[in-house]
Amino acid sequence: MRAEIRKIAVILEETASEMGRPVVPPTRRAAAVAVIRNPHAGEFREDLSALFEIGEELGGLLAERAVQALGIAGADAESYGKAAAVGENGELEHAAAILHPKLGGPVRRVLGTGAALIPSSKKRGGPGLSLDIPLGHKDAAYVRSHFDGMEVRIADAPRADEIVVAVAVTDSGRPLPRVGGLAKDEITGEDGLR
Amino acid sequence: MAEIAIRKRIVTIEEIFHEGGPPAAVPLRRGAIVSVIRNPFAGRYVEEIAGFMEDLKPLGLAMAKALVEALGGDPKSVQGYGKGAIVGAAGEIEHGALWHVPGGYAMREILGGAKAIVPSTKKVGGPGTRLDIPVTHIDASYVRSHFDAVEVGVADGPRADEIALALVMTTGPRIHARVGGLKAGDIKGEDGLR
């Protein structure tokens with residue numbers, strides 16, 4: 001493995017009620033987060049392909065961990081998202097190099113499908129930084145009930161020369177969705193949008 | 001008997017491979033489970049609250065079981081523990097103290113009669129408040145390698161009329177523990193201290 005992983009955290013969140021109203025079944029989302037060494041911390045590197053490869057490795061590993069935490073088959077996942085936080089000695093472009101070129105393919109392999117763009121966010125900061133991972137339906141980005149976000153943070157990361165990489169997967173949309181729009185059972189799931 | 005109204009539950013498992021030193025043969029695992037429940041005493045002063053401790057016992061047991069499960073399922077793998085509570089702004093710190101008995105009792109029961117006092121902390125706070133939960137060895141509080149802390153928090157909780165209740169377990173010493181003191185292998189495990 002090219003990624004030098006210091007730690008992995010897996011967070012499983014279940015919401016059973018909102019405003020006293022039961023959510024049945026509870027909505028569930030999981031995030032798997034890896035803290036890795038940034039091989040390009042403190043230097044300007046034109047060629048970021050090493051980070052592309054690390055992104056590819058982490059995409060599969062983190063998607064598998066998240067699905068495992070949900071206890072479902074990958075195909076039963078409904079929405080997803082990804083995010084990265086770069087420590088202070090790195091650049092935002094390092095997060096981009098991990099997230100965008102190659103991370104998505106293995107995520108989609110774990111989930112069976114994934115026609116939609118994987119929504120993403122990135123930032124630079126210090127340990128304890130919170131990442132708000134945007135979430136969208138994996139096959140049709142316009143499914144309104146699945147627009148969401150999941151906050152994750154690792155208290156002791158990213159250190160200056162580290163990158164925190166997160167993949168979030170759900171088996172559901174928001175609890176008690178009721179703002180209309182495209183519903184998940186109305187999608188064709190071909191163009192990634194509807 | 002008051003009903004426990006759970007809004008959400010979050011399970012976090014961290015696997016720590018190294019912290020800049022030699023990678024451990026077996027990664028350290030640190031797990032936390034947080035339940036966000038309605039505070040039945042929010043918004044007013046209630047003199048008699050102690051009965052709620054009994055009501056919380058089944059929740060404590062369910063949380064301790066779920067956490068052991070998330071750590072791999074073997075209660076014998078658990079070496080450290082701690083607990084804590086964050087009381088929403090319409091409650092008082094005394095409401096957090098209701099967690100001492102059911103939280104501690106539950107972990108000791110699930111772990112097979114751990115001897116040491118369960119270290120704890122609590123505070124009043126709003127959504128997103130972070131709590132550093134102290135961790136010590138389950139059979140001997142003075143085991144220096146197992147002094148640790150796990151940060152927990154819930155992005156959207158506790159709301160003013162809620163309490164976030166947390167249990168924490170770890171599977172070993174700090175990843176590069178080397179500051180001496182009583183060793184886990186040298187304890188008598190009778191008085192809960194040494």
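Every chain is numbered from 1, with letters handed out A, B, ... down the list of sequences.
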Which heavy atom of [X] sits nearest to which heavy atom of [Y], and what is that distance?
X: G128(B); Y: R153(A); result: O-NH2, 4.4 Å
X: E151(B); Y: A155(A); result: OE1-CB, 3.3 Å
X: E151(A); Y: A155(B); result: OE1-CB, 3.5 Å

Check your understanding: When only pairs under 4.5 Å are counted, which of I33(B), L28(B), D156(B), I16(B) shares the most heavy-atom pairs with chain A?
Key -> I16(B)

More than 12 heavy atoms of other residues, nucleotides or ligands under 6.0 Å from [atom1] of [X]: yes or no?
X: K183(B); atom1: NZ; value: no
X: I117(B); atom1: CD1; value: no
X: F17(B); atom1: CZ; value: yes
X: Y142(A); atom1: OH; value: no
X: E48(B); atom1: CD; value: no
X: K65(B); atom1: NZ; value: no

Revision key, fill the gap. With K8(B) as partner, the option from R28(A), E18(A), E14(A), E13(A) fulfilling side chain to side chain contact (heavy atoms under 4.5 Å, CB included) is E13(A)

Taking atom [atom1] of [X] and atom [atom2] of [Y], what is their separation to the nearest 0.5 Å?
X: I154(A); Y: E14(B); atom1: CD1; atom2: CD; answer: 5.5 Å
X: T12(B); Y: L12(A); atom1: OG1; atom2: CG; answer: 8.5 Å
X: R7(B); Y: T15(A); atom1: CZ; atom2: OG1; answer: 7.0 Å

Study note, to complete from the structure: Interface check, chain B: of R159(A), M150(A), M19(A), most non-hydrogen pairs under 4.5 Å belong to R159(A)

Check whether any side-chain heavy atom of [X] lies under 4.5 Å from a side-chain heavy atom of [Y], and answer yes or no.
X: K7(A); Y: R30(B); answer: yes
X: R6(A); Y: E19(B); answer: yes
X: I11(A); Y: I10(B); answer: yes

Point to revise | Under 4.5 Å from any heavy atom of chain B - which part of R65(A) | key: side chain

Shared ILVMFWY cluster between [X] and [Y], side chains joined below 4.5 angstrom?
X: L165(B); Y: V87(B); answer: yes
X: I133(B); Y: V11(B); answer: no
X: F147(B); Y: L193(B); answer: no

Exercise for review: Select one option (side chain, backbone, both, neither) describing which atoms of R159(B) are under 4.5 Å from chain A's heavy atoms.
Suggested key: side chain

